[in-house]
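For reference, the structure discussed in these notes is given below.
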Amino acid sequence: MSTPSDAAKQLQDKLENTKLHILDARADLKSYHFESLDDSTSGEGALSDPAIVASDVAAQILFLRKLKFQYLEQNAKDKYVKTIVSDDAPLITAASNEQIRLRNEEKKRNLKEEKLKLLEKQQDVRTLAPLVEEDYQKARSLTSLGASLSAKILDAKLALTRLRQAHPQPRLTIATATATLDEQVAQMQALDDELQSSEKQMEETKQKIKAEMREVERLRGVEKEGIAELEHVGKEGGDEDPRLGKLYDWLQVALTAQRSLLSLESSRAESENELRLTYNIVSPFSKIPKELVLTLLFVPNTRQLASASARLDGVELDLGDMIYAPVQANDIPTLVWSVYACVKEREARLVIS
């Protein structure tokens, strides 16, 4: 079974081997030697000008007509002289003359028909020559296109063979690629749903933290009131006042509640001006709590906050400008809350990403 490339090659070989009369006539015309013509009008240079060729042809036709007329005249004279001089001269009658006239008219009619056919043929040649030339150029262009396409087909087959050798079975097909794409789309949709649920859970956690901080602030106010009342009772009743035990118990309960709300595990004074607070950060996305150590440094012999640092599971945290305002304002609760909320938000972002 022939392929399109084989058909294109066969068409090209056929066009190259075909003898076209127009091209052969052009080559014959250029190679023909006009020995009977003058030197001024012969050769390839003279034939290159259509005006010279037309005038030359007209002169040759006029010369042939004159030559034909002279030949007919001399032939008639010769026959006339032979007829007069000859002893047995043929008898020329009106019937023979009429017969000769009829033959001449028949020959003239045939000649006229042949001339008309020749003119029609010439007109057809003039009409069809541009069309043939156009078809020939189209055939040549199609042949060259077929050759180039066959070369491209061979190159594509070679490239495909190399790809098959470089990528053995199993290869990725359109069906497997579509199935993989569908799986990835489903995974992306599931991850998107998980992300939305995580964001929703994170928002709920933030709301819970805000509510817990409001409760912490309320307990701080209650703690201050209890401390003030305790000082007032101590001043009025001395150390033997029985209300001190109840106030002490209430204060311990309040401190325990505050520690549970903020996940405060321990608070230890490392020196006279250094306080170390240890928190357990419990993320809703992880079951293992992380240890947050917040170190507060004070100006010696004062209660003025000097600086603060934080470490999460032994890794130093970069607090940046977040602690600048609380340190300047000596606002320890705001500082603790800011660091605590920052660590919580950082853990949530790590889990989501």
Side-chain angles (χ1 to χ4, degrees), residues 1-80 96-155:
M1 183 176 181
S2 62
T3 61
S5 59
D6 297 336
K9 289 182 180 179
Q10 293 177 2
L11 178 61
Q12 183 179 4
D13 296 338
K14 186 176 180 181
L15 287 175
E16 290 178 354
N17 297 327
T18 301
K19 298 296 183 180
L20 299 178
H21 297 290
I22 297 177
L23 298 178
D24 295 340
R26 181 186 297 175
D28 295 340
L29 181 62
K30 289 185 178 180
S31 62
Y32 185 77
H33 299 285
F34 297 90
E35 289 84 359
S36 61
L37 299 178
D38 296 335
D39 295 336
S40 61
T41 59
S42 63
E44 185 177 355
L47 294 176
S48 61
D49 191 354
I52 296 177
V53 173
S55 62
D56 189 14
V57 171
Q60 294 294 330
I61 291 174
L62 182 61
F63 173 74
L64 290 175
R65 286 177 179 175
K66 290 181 179 180
L67 184 62
K68 178 182 178 182
F69 180 75
Q70 290 179 3
Y71 169 75
L72 294 175
E73 185 180 3
Q74 293 297 329
N75 189 21
K77 288 181 180 180
D78 183 64
K79 286 182 178 181
Y80 181 72
S96 61
N97 289 333
E98 183 66 20
Q99 187 177 3
I100 292 173
R101 186 182 66 79
L102 292 175
R103 284 202 303 269
N104 289 336
E105 289 181 355
E106 181 68 21
K107 290 180 180 179
K108 287 182 180 179
R109 185 168 57 254
N110 293 334
L111 179 61
K112 188 175 182 180
E113 291 177 357
E114 293 297 328
K115 284 183 178 181
L116 291 176
K117 290 181 180 179
L118 180 60
L119 289 176
E120 291 178 357
K121 185 65 67 176
Q122 290 177 351
Q123 186 65 27
D124 293 340
V125 169
R126 292 190 185 96
T127 305
L128 295 177
L131 301 177
V132 172
E133 180 68 18
E134 184 179 356
D135 293 340
Y136 175 72
Q137 294 297 333
K138 288 182 179 179
R140 287 187 60 183
S141 62
L142 291 175
T143 304
S144 60
L145 179 60
S148 62
L149 289 177
S150 62
K152 289 181 180 179
I153 290 172
L154 293 177
D155 295 338

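Heavy atoms only: backbone and side chains are in, while hydrogens, waters and symmetry mates are out.
- Considering all non-hydrogen atoms of both residues, Ala147 and Ser150 come closest at O-OG, 2.5 Å.
- Between Asn104 atom CG and Leu111 atom CG the span is 11.5 Å, to the nearest 0.5 Å.
- In this structure, the side chain of Asp78 does not engage the main chain of Gln74 through any donor-acceptor pair within 3.5 Å.
- Using a 4.5 Å heavy-atom cutoff, the side chains of Gln60 and Asp56 are in contact.
- Applying the side-chain hydrogen bond (donor to acceptor under 3.5 Å, both in side chains) test to Gln122 and every residue at least two apart in sequence or in another chain returns nothing.
- Residues passing the salt bridge (Lys or Arg N to Asp or Glu O under 4.0 Å) test with Asp155: none are found, sequence neighbours excluded.
- Evaluation of the salt bridge (Lys or Arg N to Asp or Glu O under 4.0 Å) rule for Lys138 yields Glu134 as partners, not counting sequence neighbours.
- What you find for Ser144 and Ser141 is that their closest heavy atoms are OG-O, 2.7 Å.
- Taking the salt bridge (Lys or Arg N to Asp or Glu O under 4.0 Å) definition, one finds that Glu73 meets it with Lys77, sequence neighbours left out.
- Residues satisfying the salt bridge (Lys or Arg N to Asp or Glu O under 4.0 Å) criterion with Glu113, sequence neighbours excluded, are absent altogether.
- Contacts of Arg101 classified as side-chain hydrogen bond (donor to acceptor under 3.5 Å, both in side chains), with partners at least two apart in sequence or in another chain: Glu98, Glu105.
- For the atom pair CD (Gln70) and CG (Leu67), the distance works out to 6.5 Å, reported to the nearest 0.5 Å.
- Contact check for Glu120 versus Gln123: no side-chain heavy atoms found under the 4.5 Å cut-off.
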